[in-house]
Amino acid sequence: MKFFHTLKQDLNKTVINLGFLGAALMTCVLCFTASAYHDLSNDKDYSVFEAFFSFDRSFIESHYDFASILLFKNGLSGYISMFIPIIVAFPFMVTFCAERNNGLMRFTITRSGKGRYYLSKFFTAFLSGGFAVMLGMALFGVIVVFAFPSLGSYDLPADQLEWIIPDGIAAEAVKNLLAAFIYGAFSTLPAFFLSSFCKNPYIITCLPFMLIYVWDTALNKLMSKGFENGDYEIYDKISPFTPDSPRQLVYIDFMEMSANQRNMLIFNGTYLLVLLIGFIIIMNLRTDKGS
């Protein structure tokens, strides 16, 4: 019970601040950079934002690519995948750095105990990052529902509708919100780990961005090289280890788990545990109790 009381206090301080609100709003804005339509005539991709201002209503209503649920599904595929390590660090770092820099961390650890303090900070960072991205995604969904036609307004046969949205619109929306939460939560882990030995909030927020960019670029180059050499299974081999793989965890069928999904689950679980344990070890090695 004491742990949940500490976690509740940390979550209240983290969620009720401008950092959390800013992260949610930035998530919403970046969702509009997701691809909405590919024009074959000029080989150009239009983002959700561009599509709204580039095409007239009759064109939008005649192409089901603009259906609100499909745009909502694409929300996490724009520039958000690049900037999410920075976005999700804001809610946690605002309060964590303030606590460290004003000297309160030493007294808080002494009062609550090391184990409870470390786990509370972990769950606070994990949950606040996830909720910020999920809230931003939900706000994006509300806007596209009002700005674009529903999928039901298009004259599509039942079998095509089932192929596009196999589980129904409501279930698809819930899955996408859960994917946003998991993606945001896992994206906080590098910044959380760095906070164990770094006080500078700019480094804590920006260094994960650089590291994940290098990580993602390296894997994309490996995939491109594989395709060039005729290895068309390279995507299945590498995709479980990409930085954005956590958002696919919600789609895992645990009854019929593929090798690709199993690798994804093992990798992300190991990634989480390694960074959490690393944070605890480094914080325990500090003689200043984190101050």
Side-chain angles (χ1 to χ4, degrees), residues 1-24 26-27 84-136 177-178 180-208 211-212 246-247 249-250 268-291:
M1 292 302 294
K2 290 183 178 180
F3 168 75
F4 289 108
H5 177 70
T6 303
L7 177 60
K8 181 181 177 182
Q9 288 182 321
D10 282 337
L11 279 174
N12 286 337
K13 290 186 294 185
T14 302
V15 172
I16 307 174
N17 68 55
L18 292 177
F20 180 84
L21 179 60
M26 282 190 287
T27 298
I84 196 169
I86 298 176
I87 293 171
V88 296
F90 287 159
F92 171 67
M93 292 316 305
V94 169
T95 55
F96 189 76
C97 288
E99 188 176 278
R100 166 172 282 176
N101 292 331
N102 61 22
L104 285 177
M105 181 177 288
R106 178 188 298 272
F107 301 106
T108 306
I109 292 178
T110 303
R111 186 176 65 252
S112 64
K114 291 182 178 180
R116 197 197 318 170
Y117 181 85
Y118 300 152
L119 289 178
S120 176
K121 291 302 179 187
F122 165 72
F123 282 107
T124 298
F126 194 79
L127 293 174
S128 63
F131 282 127
V133 175
M134 186 173 70
L135 179 59
L177 289 174
L178 288 175
F181 173 82
I182 295 173
Y183 188 26
F186 270 84
S187 297
T188 63
L189 296 178
F192 171 76
F193 173 73
L194 283 173
S195 68
S196 64
F197 58 86
C198 181
K199 292 183 179 181
N200 191 318
Y202 300 105
I203 294 177
I204 294 172
T205 52
C206 293
L207 187 57
L211 294 175
I212 289 177
R247 68 184 185 183
L249 293 175
V250 70
N268 283 288
T270 304
Y271 177 63
L272 184 152
L273 288 175
V274 167
L275 293 187
L276 172 59
I277 293 171
F279 176 88
I280 293 173
I281 290 174
I282 292 172
M283 289 293 286
N284 269 326
L285 290 175
R286 298 178 69 110
T287 57
D288 59 357
K289 290 186 170 57
S291 297

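What you see below is based on every heavy atom in this structure, not just the backbone, and it leaves out hydrogens, waters and symmetry mates.
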Seminar exercise, completed: side chain to side chain donor-acceptor pair (under 3.5 Å) filter on S120, not counting sequence neighbours, yields D10
Exercise. Which residues pass the ring-ring contact (aromatic ring centres under 6.0 Å, His included) test with F186, sequence neighbours left out?
Worked result: F126
Pairs of donor and acceptor atoms involving the side chains of residues 268-275, under 3.5 Å and at least two apart or interchain, shall be tabulated with distances.
| residue | atom | partner | partner atom | Å |
| --- | --- | --- | --- | --- |
| N268 | ND2 | S245 | OG | 3.2 |
| N268 | ND2 | M264 | O | 2.8 |
| T270 | OG1 | I266 | O | 2.7 |

Problem set entry | Pairwise distance CG(L178) to CG(L249) - rounded to 0.5 angstrom | 11.5 Å
Exercise. For the atom pair CE (M93) and CD1 (I86), what is the distance rounded to the nearest 0.5 Å?
Worked result: 13.0 Å
Seminar exercise, completed: Heavy-atom closest pair (M134 atom, F181 atom, distance to 0.1 Å) is SD-CB, 4.0 Å
Exercise. Are the aromatic rings of F90 and F20 close, with centres under 6.0 Å apart?
Worked result: no
Exercise. Would you say the side chain of L11 lies within less than 4.5 Å of the side chain of F123, judging by non-hydrogen atoms?
Worked result: no
Exercise. Sub-3.5 Å donor-acceptor pair from the side chain of N284 to the main-chain atoms of I281, do we have one?
Worked result: no
Seminar exercise, completed: Value for SG (C198) from CD1 (I204), rounded to nearest 0.5 Å, stands at 4.5 Å
Exercise. Which value, rounded to the nearest 0.5 Å, describes the distance between F197 atom CZ and F279 atom CZ?
Worked result: 11.0 Å
For this session: Could you tell me which non-hydrogen atom of G129 sits nearest to which non-hydrogen atom of V88, and how far apart they are?
Result: O-CG1, 4.0 Å
For this session: Would you check if L194 and P208 make a side-chain contact, meaning some heavy-atom pair closer than 4.5 Å?
Result: yes
Seminar exercise, completed: Scanning both residues in full, the closest heavy-atom pair of V133 with G184 reads CG2-CA, 3.6 Å
Exercise. What heavy-atom pair brings A24 and L135 nearest, and what distance separates the two atoms?
Worked result: CB-CD2, 3.9 Å
Exercise. Roughly how far, to the nearest 0.5 Å, is OG1 of T27 from CD1 of I84?
Worked result: 6.5 Å
For this session: Kindly indicate whether the side chain of P190, heavy atoms from C-beta on, has any atom under 4.5 Å from the side chain of L211.
Result: no
For this session: State the CG-CG distance between N12 and N17, to the nearest 0.5 angstrom.
Result: 11.0 Å
Problem set entry | Smallest separation among heavy atoms of R247 and Y183, with atom names | CB-CB, 3.8 Å
